[in-house]
Amino acid sequence: MDVSFAITGKGYVILAADTTAAHSILKVKLDEDKIKELSPHLAMAYSGEPGDTVQFAEYVERNIRLYQIRNLYPLRPASAASWIRRSLADSLRSRKPYSVNLLLGGYDTNTHTPHLYWMDYLGTLTEVPFGAHGYGSYFALSLLDRYHDPEAPLEEGLAVLRRCIDEVAKRLIVAQPKYKVKVIDKDGVREIEF
Amino acid sequence: MARRYDSRTTIFSPEGRLYQIEYAMEAISHAGTVLGVLAKDGIVLAAEKKVTGKLLDLSGAREGGYGGSGEKIFLLNSNVIGGVAGITADANSLVNYARSAAQRHLFLYNEDIPVELLAQRLCDLKQGYTQYGGLRPFGVSLLYAGYDPHYQFQLYHSDPSGNYSGWKATSIGANNGTAQSLLKQEYKDDIGIDDAIDLVLRVMSKTMDSTTLGSEKLEFATLTLDPATQKPKAKIYRPAEVDALLQKQGLGKKDEDAEMKTS
Amino acid sequence: MSIMDYNGGSVIAMVGKDCVAIASDLRLGVQSLSIASDFQKIFPVTDRIFVGLPGLATDVTTLHEQFRYRVNMYTIKEEREIEPEAFTALVSSTLYEKRFGPYFIEPVIAGMQKLPNGGYAPFIAGTDVIGCINFAKDLIVAGTASEKLFGVAEGLWEPDLEADDLFETISQSLLNAVDRDAYSGWGAIVHVITKDKVVTRTLKGRMD
């Protein structure tokens, strides 16, 4: 039932994920943060099987941190995406695969460009201008086909995100009440009140 | 007495020295000179070939391979050129290791290995032989000339103990002291690639025994950025290209026939 | 619903006169939902070889990385570039390693093979998911639109097409076949390989 969206714009990536932690038919928590900050300019929205998600996100977080400690500079977004993809692809053919879908947003400080990667639990990886996971994707992707602008300033990007969230709230039976929104740009990762 | 401390690689002498490592470094100081100069828009590497002669079969230097089937300069990865001084057989083994390490990084992270990381990988291996007994350390020093997006152009040197350090210009092998003092005098911080080529060849011609430079004694390579793609472009000069470059710089062999005719 | 059809996508290769061509669509989907319209399934191996990897998208990436690693190690050890025939054997053995838990990919290989006399001959081949090689003299198809590709391509292809005509033939075959396949589409990419150069063109199809 997780819903997550991501949009790139002029010099930034926006990640948004709902904040519900569900257990069977129960909502057990309403302010869960499902966007992990991996390094100063890299963050990841995760969804999927409860338990797997947090476990895998922390595994990724610590490995990316270890690379940064060893080499004094963080992995670039494209390399981090490749490494995470391989972890999932290896996991897929293991005894108990992780069931985790990801949206990875990063700002490459070498080339000064934002990057967004769509990844699923199979290890499918592709760079996209915008992406979504969960039931929200069926609404958001068609909206974003119409309204997304890669050159839009942050305010316009957030306005488009608002459209997606409103549409899901209006049409999806299992709509999510609250979202956490994080922006990654040249200044790093920061949360935005939405 | 001293023999007690130099028969094994991993035993300290009372003065706290590892004799085998020092002997390995001594072996390197008899090898052909290798010279590297870092410029703001590229790096230059040159090396003196020791094994020469008319009967030497050089047909192994085919086209289309990984580059540098010469004696001392090798392409380690698309963004790193290596120059080696020391025992050639050990060097070949290290070059192979470096290439595999670079490919493993590419496989894992989908990016060219950062230059310092590649130097670290080799140094981890070399350091192992100063600590685990029964084996001889690698009798090889390397220069790594490379590019990565983190620190742009870089020049590193590593020695048999597993130490490495970054340089603006340095030299290993025979006469490296002379070469380094020449480099210290002449190096300027904002040097361009053309001036760096000129500097390398001038220093090389002074440190080498022979009076004239030629492709049979010299290996040469540059690493620059491709203006179109902004990707690193390694160029290991072919013998004919080395001779052409030397002619252009006025350091090549004079055409003896032409001289005969004029006189 | 087969796992081979989960992400969608198709590849075709054809032989011409002193040239070969390989082409694919650009769609990446999750069943009927399109995720990306610029997903590459064809990758350069050397200056004269391309490999197309239609099938499950995670394995497209995994195998591309695997082949790149093995080809680079081959180049280092052999001190020469790999030839299409040897690369096909490499593909086959890589896939057969996973005989009892295969990669869900049916590779297509296209390249110009160096001959002992110094000339070049066109080469195409395909394999199944466990690496059984199919050397073809005319064309190879694979992916979710393979049935349609067979029909169109066999109708349009003729022997000894020049590079320009081969480009037209392979492009029309692919574009018309993927229009009848819901899982392939979103434009196409075509590479025409001759002995000394590669011409790559990106095509727009029905972008819906």
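Order of the sequence lines sets the chain letters (A, B, ...), proteins ahead of strands, with each chain counted from 1. Just so you know, these numbers come straight off a predicted model, no measurement behind them.
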| note | Contacts satisfying salt bridge (Lys or Arg N to Asp or Glu O under 4.0 Å) that involve residues 103-114 of chain B (not counting sequence neighbours) are none

| Which pairs with one or both residues in residues 71-119 of chain C pass ring pair (Phe, Tyr, Trp, His ring centres under 6.0 Å), sequence neighbours excluded? | Phe67(C)-Phe87(C)

Pairwise distance [atom1]([X]) to [atom2]([Y]) - rounded to 0.5 angstrom:
{"X": "Ile76(C)", "Y": "Asn77(B)", "atom1": "CD1", "atom2": "CG", "value": "8.0 Å"}
{"X": "Asn96(B)", "Y": "Met73(C)", "atom1": "CG", "atom2": "CE", "value": "7.0 Å"}
{"X": "Thr61(C)", "Y": "Asn110(B)", "atom1": "OG1", "atom2": "CG", "value": "9.0 Å"}

| said: A quick test of your reading: do over 12 heavy atoms of other residues, nucleotides or ligands sit less than 6.0 Å from NZ of Lys114(C)? | reply: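 Open.
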
| Looking only at heavy atoms, what is the nearest atom pair of Leu106(B) and Arg68(C), with distance? |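 Minimum heavy-atom contact is O-NH2, 3.3 Å.
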
